[in-house]
Amino acid sequence: MGDDQIHQAIAILTEAVKAWVSPAVTIVATQGRDPFKVLVSCILSLRTRDLTTAEASARLFALADTPEKMVGLDVPQIEAAIYPVGFYRVKAEQILEISRSLCDLYRGTVPDDLETLLKFKGVGRKTANLVLTLGFGKPGICVDIHVHRICNRWGYVHTRTPEQTEFALREKLPVEYWIIINDLLVTFGQNLCTPLSPHCSTCPLYQFCDRVGVVKSR
DNA sequence: AAAACGGGGGC
DNA sequence: GCCCCAGTTTT
């Protein structure tokens with residue numbers, strides 16, 4: 001897929017994903033576009049199937065949906081609320097520590113620049129960029145494993161890590177697509193172009209795709 | 001029973 | 001760069 005084809009591919013993709021639901025973090029984000037909720041649900045989704053994080057997020061936010069309320073909880077309470085996402089102790093402690101920092105240093109608000117977000121323990125490039133795009137509507141490119149896999153299958157980038165994919169997309173991808181690319185490709189990657197079964201025979205983007213490294217259906 | 005799933009920290 | 005981190009879901 002080349003520079004000239006990306007516009008057409010995204011137009012096709014935009015239509016195709018209407019048949020499916022968006023990832024949990026997007027759903028959480030669009031409910032008020034609350035940066036704190038985006039940040040917390042993104043931490044919950046870490047190395048966890050996306051669909052299971054929606055319920056866990058909802059249960060936790062019923063207890064506390066602001067940094068001020070979150071610091072009133074203890075680790076066991078958070079651990080119980082976020083079942084069954086896994087990594088309970090790490091995630092609960094990170095959410096608490098970040099909430100304390102937000103209260104102590106930022107008056108209970110979430111910073112809206114990449115460098116500041118990346119300083120929080122538990123916040124990497126995927127999470128920080130997602131807070132920017134979904135929480136604040138600011139330009140950012142959130143590259144998770146779906147974005148990384150699909151951009152390489154297309155042959156649009158040739159990279160080894162998600163971080164390299166982010167920087168490659170910053171060079172190549174028109175800025176008008178930066179905010180929407182994550183939702184489009186995660187939805188596409190969860191429902192059709194999955195890790196083990198790319199479903200090439202029914203893919204609407206077949207003509208644009210180099211099918212690099214696809215795994216045969218079993 | 002076994003493989004797959006998905007980011008970030010520490011070194 | 002490499003290794004570690006845990007538990008649910010799919011095959």
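Reminder, nothing fancy here: chain letters follow the sequence lines and each chain counts from 1.
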Visitor: Can you give the donor-acceptor pairs under 3.5 Å from side chains of residues 65-73 of chain A to other protein atoms, not counting sequence neighbours?
Guide:
unit_1	atom_1	unit_2	atom_2	d
A:Asp65	OD1	A:Lys69	NZ	3.3
A:Thr66	OG1	A:Lys69	N	3.1

Visitor: Sequence neighbours left out, what passes side-chain contact (heavy atoms from CB on, under 4.5 Å) with A:Asp4? Give chain and number order.
Guide: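 Not a single residue meets the side-chain contact (heavy atoms from CB on, under 4.5 Å) criterion with A:Asp4.
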Visitor: What pairs of donor and acceptor atoms, side-chain ones from residues 185-195 of chain A against any protein atom, are under 3.5 angstrom apart with sequence neighbours left out?
Guide:
unit_1	atom_1	unit_2	atom_2	d
A:Thr187	OG1	A:Asp183	O	2.7
A:Thr187	OG1	A:Asp183	OD1	3.4
A:Asn191	ND2	A:Thr187	O	2.8
A:Thr194	OG1	A:Ser197	N	3.3
A:Thr194	OG1	A:Ser197	O	2.7

Visitor: Does anything in residues 112-131 of chain A come within less than 4.0 Å of DNA chain B? Heavy atoms only, and list the residues if so.
Guide: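 Correct list: A:Phe120, A:Lys121, A:Gly122, A:Val123, A:Gly124, A:Arg125, A:Lys126, A:Thr127.
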Visitor: Does anything in residues 102-124 of chain A pair up under salt bridge (charged side-chain N to carboxylate O under 4.0 Å, His left out), and if so which pairs, sequence neighbours excluded?
Guide: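 Listed by first then second residue: A:Asp112-A:Lys138.
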Visitor: Looking across every strand, which nucleic acid part, if any, lies under 4.0 Å from A:Pro162 by heavy atom: base, sugar-phosphate, or nothing?
Guide: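 Touches nothing.
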Visitor: Taking ring-ring contact (aromatic ring centres under 6.0 Å, His included) as the definition, give me every residue that meets it alongside A:His7, ordered by chain and number, with sequence neighbours left out.
Guide: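 Listed in chain order: A:Tyr177.
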Visitor: Among residues 81-102 of chain A, which ones have heavy-atom contacts with DNA chain C below 4.0 Å?
Guide: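 The answer is A:Tyr83, A:Pro84, A:Gly86, A:Phe87, A:Tyr88.
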Visitor: So what's the dot-bracket for DNA chain B: Watson-Crick or G-U pairs under 3.5 Å, [ ] if a pair crosses, | if it pairs off-strand?
Guide: |||||.|||||
Visitor: Please, which pairs that meet salt bridge (charged side-chain N to carboxylate O under 4.0 Å, His left out) have at least one residue in residues 84-99 of chain A, sequence neighbours excluded?
Guide: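 Non-adjacent pairs meeting salt bridge (charged side-chain N to carboxylate O under 4.0 Å, His left out): A:Arg89-A:Glu93.
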Visitor: With sequence neighbours left out, which residue pairs that include part of residues 14-28 of chain A fulfil the salt bridge (charged side-chain N to carboxylate O under 4.0 Å, His left out) condition?
Guide: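 Of all non-adjacent pairs touching residues 14-28 of chain A, those that pass salt bridge (charged side-chain N to carboxylate O under 4.0 Å, His left out) are A:Glu15-A:Lys18.
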Visitor: Any salt bridge (charged side-chain N to carboxylate O under 4.0 Å, His left out) pairs touching residues 141-163 of chain A, not counting sequence neighbours?
Guide: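 Sorted pair list comes back empty.
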Visitor: Just jot down the side-chain contact (heavy atoms from CB on, under 4.5 Å) partners of A:Gln5, sequence neighbours excluded, or say none.
Guide: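 Expected list: A:Met1, A:Phe208.
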